[in-house]
Amino acid sequence: MSFVRDKFSTKFFFFLVFAFLLIHVPIIGDYVKIINTLIHESGHALIALLGGNVERISLFMNSEGATYSNQSTWIGSFFTSLAGYTFASFMAFLSFLLIGKKKQILFIDILLGFIFLNLLFWVRNPYGIFWLCSFAVAFLILLIKGSPGLRDHILLLIASILLVDSVQSAYEILIISLIQPGAAGDAANLSQLTHIIPAPLWGIFFFIQSLWFCYYGLKKGYYKLKN
């Protein structure tokens with residue numbers, strides 16, 4: 001327990017709990033969770049571009065998303081299906097790394113980069129466009145008009161939402177893969193591609209990798225935020 005206490009601060013714990021409660025608030029929770037959905041679907045899209053093309057991305061009001069892409073090879077389809085949850089977990093880890101190293105401006109650039117990349121090239125459904133525009137405008141206003149302290153707290157909240165939802169969404173796909181393997185999204189796709197590895201094992205993999213990124217961030221001390 002002393003190892004855990006030494007590796008994260010009260011401030012980190014507060015923001016983590018607040019993020020967890022916030023994403024479970026009706027309507028508001030689904031709205032803020034889309035930041036993780038955006039990262040997840042962008043992970044699919046970026047990998048898909050390496051061996052195919054991305055037709056579009058949809059972001060939905062219930063916080064779910066979908067990436068529609070064409071792949072010319074089995075390996076392209078495999079890594080595209082693998083990319084969503086792993087990329088979301090990596091970005092949650094990277095968010096705290098950047099905050100810990102006082103690279104908030106780079107974190108802002110990355111977030112805005114994902115937003116405008118999707119707005120310009122991929123997202124075409126009405127709610128997805130609304131979310132990208134509204135989040136970008138609100139985000140920019142708070143960053144421009146708000147104090148540096150407010151900016152840093154907003155970024156910390158976004159990082160906490162990414163961390164919490166990356167684990168929660170991976171846990172949810174694990175449960176779905178156990179109960180309804182054919183409806184388990186990326187786990188079901190990977191099961192169809194690999195044939196011998198069932199969806200529940202891919203669900204377990206997604207959940208374990210999300211926990212590993214959390215543990216690695218803890219081990220590196222990125223959750224030891226200064227008050």
Side-chain angles (χ1 to χ4, degrees), residues 23-24 29-30 33-95 97 110 113-114 117-118 121-125 127-128 131 161-219:
I23 66 175
H24 289 91
D30 286 336
K33 282 169 62 178
I34 293 181
I35 187 64
N36 184 62
T37 305
L38 175 70
I39 300 299
H40 177 113
E41 301 303 335
S42 296
H44 284 310
L46 291 173
I47 298 301
L49 288 175
L50 298 178
N53 68 286
V54 180
E55 293 182 358
R56 68 187 188 280
I57 290 176
S58 295
L59 303 173
F60 303 112
M61 192 178 295
N62 64 355
S63 81
E64 294 182 0
T67 299
Y68 304 89
S69 64
N70 293 316
Q71 291 293 322
S72 57
T73 63
W74 178 91
I75 196 72
S77 297
F78 175 80
F79 281 108
T80 298
S81 296
L82 195 66
Y85 289 100
T86 53
F87 190 67
S89 297
F90 169 74
M91 285 304 302
F93 165 81
L94 181 63
S95 299
L97 184 156
I110 290 172
F114 278 119
L117 182 66
N118 277 269
F121 297 108
W122 296 329
V123 174
R124 292 295 176 265
N125 69 308
Y127 184 78
W131 186 90
I161 291 170
L162 289 175
L163 183 64
V164 171
D165 200 40
S166 68
V167 175
Q168 177 174 286
S169 60
Y171 175 74
E172 289 171 352
I173 204 66
L174 167 61
I175 297 302
I176 295 171
S177 71
L178 294 171
I179 299 172
Q180 292 181 291
D186 294 340
N189 291 339
L190 287 164
S191 177
Q192 292 175 0
L193 288 167
T194 56
H195 299 296
I196 61 173
I197 304 176
L201 287 183
W202 286 114
I204 292 171
F205 168 78
F206 285 137
F207 185 53
I208 289 176
Q209 64 83 32
S210 71
L211 295 179
W212 183 86
F213 273 107
C214 289
Y215 169 76
Y216 192 63
L218 180 69
K219 182 180 178 181

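Since the structure is predicted, the reported quantities are computational estimates derived from the model, not experimental observations. Here, residue 1 is the first one in the sequence, and each next residue gets the next number.
- No side-chain heavy atom of F121 sits under 4.5 Å from any side-chain heavy atom of L49.
- Using a distance-only test at 3.5 Å, with no hydrogens or angles considered, a donor-acceptor pair links the side chain of S72 to the main chain of G51.
- For the atom pair CG of D186 and NE2 of H40, the computed distance is 4.5 Å after rounding to the nearest 0.5 Å.
- Note that the CG atom of L211 and the OH atom of Y171 stand 11.0 Å from one another [nearest 0.5 Å].
- More than 12 heavy-atom neighbours from other residues, nucleotides or ligands sit within 6.0 angstrom of CZ on F60.
- Scanning all heavy atoms of the two residues, the minimum distance from C214 to V167 falls at SG-CG2, 3.4 Å.
- In this structure, the side chains of L201 and P198 come closer than 4.5 Å at one or more pairs of heavy atoms.
- Aromatic ring orientation, F93 versus Y216: tilted (interplanar angle from 30° to 60°).
- At distances below 3.5 Å, at least one donor-acceptor pair connects side-chain atoms of S177 with backbone N or O atoms of L174.
- Closest heavy-atom contact between A184 and I176: CA-CG2, 3.7 Å.
- Here S63 contributes atom OG and N36 contributes atom CG; the two are 9.0 Å apart, rounded to the nearest 0.5 Å.
- For the atom pair CG (L162) and OG (S169), the distance works out to 10.0 Å, reported to the nearest 0.5 Å.
- The nearest pair of heavy atoms linking F206 to A187 is CE1-N, 3.9 Å.
- At least one side-chain heavy atom of L46 sits under 4.5 Å from a side-chain heavy atom of F114.
- Checked by atom type and distance alone, the side chain of S89 never pairs as donor or acceptor with a backbone atom of T86 at under 3.5 Å.
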Check the pair L59, L38 against side chain to side chain contact (heavy atoms under 4.5 Å, CB included), reporting the backbone distance first and the verdict last. CA-CA 7 Å; L59 303 173; L38 175 70; 4.2 Å; yes
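- In E55, the CD atom is crowded: over 12 heavy atoms of neighbouring residues, nucleotides or ligands sit closer than 6.0 Å.
- Once rounded to the nearest 0.5 Å, the distance linking NE2 of H195 with CG of L193 reads 7.5 Å.
- Surrounding CD of E64 are at most 12 heavy atoms belonging to other residues, nucleotides or ligands under 6.0 Å away.
- When atom types are taken as modelled, the side chain of T67 and the backbone of E41 share a donor-acceptor pair closer than 3.5 angstrom.
- Relative orientation of the W202 and F78 rings is perpendicular, given thresholds of 30° and 60° on the angle between their planes.
- The line from CD1 of I57 to CZ of R124 is 10.0 Å long, rounded to the nearest 0.5 Å.
- Taking every heavy atom of both residues into account, A92 and S166 meet most closely at CB-OG, 4.0 Å.
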Is there a side chain to side chain contact (heavy atoms under 4.5 Å, CB included) between F87 and I39 once you walk through the steps? CA-CA 7 Å; F87 190 67; I39 300 299; 3.8 Å; yes
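- Between P181 and A188, the shortest heavy-atom distance links the atoms O-CB, 3.3 Å.
- Of the options V123, N118, T37, L117, a side chain to side chain contact (heavy atoms under 4.5 Å, CB included) to S42 is made by N118 and by none of the others.
- The nearest pair of heavy atoms linking S58 to N125 is CA-OD1, 3.4 Å.
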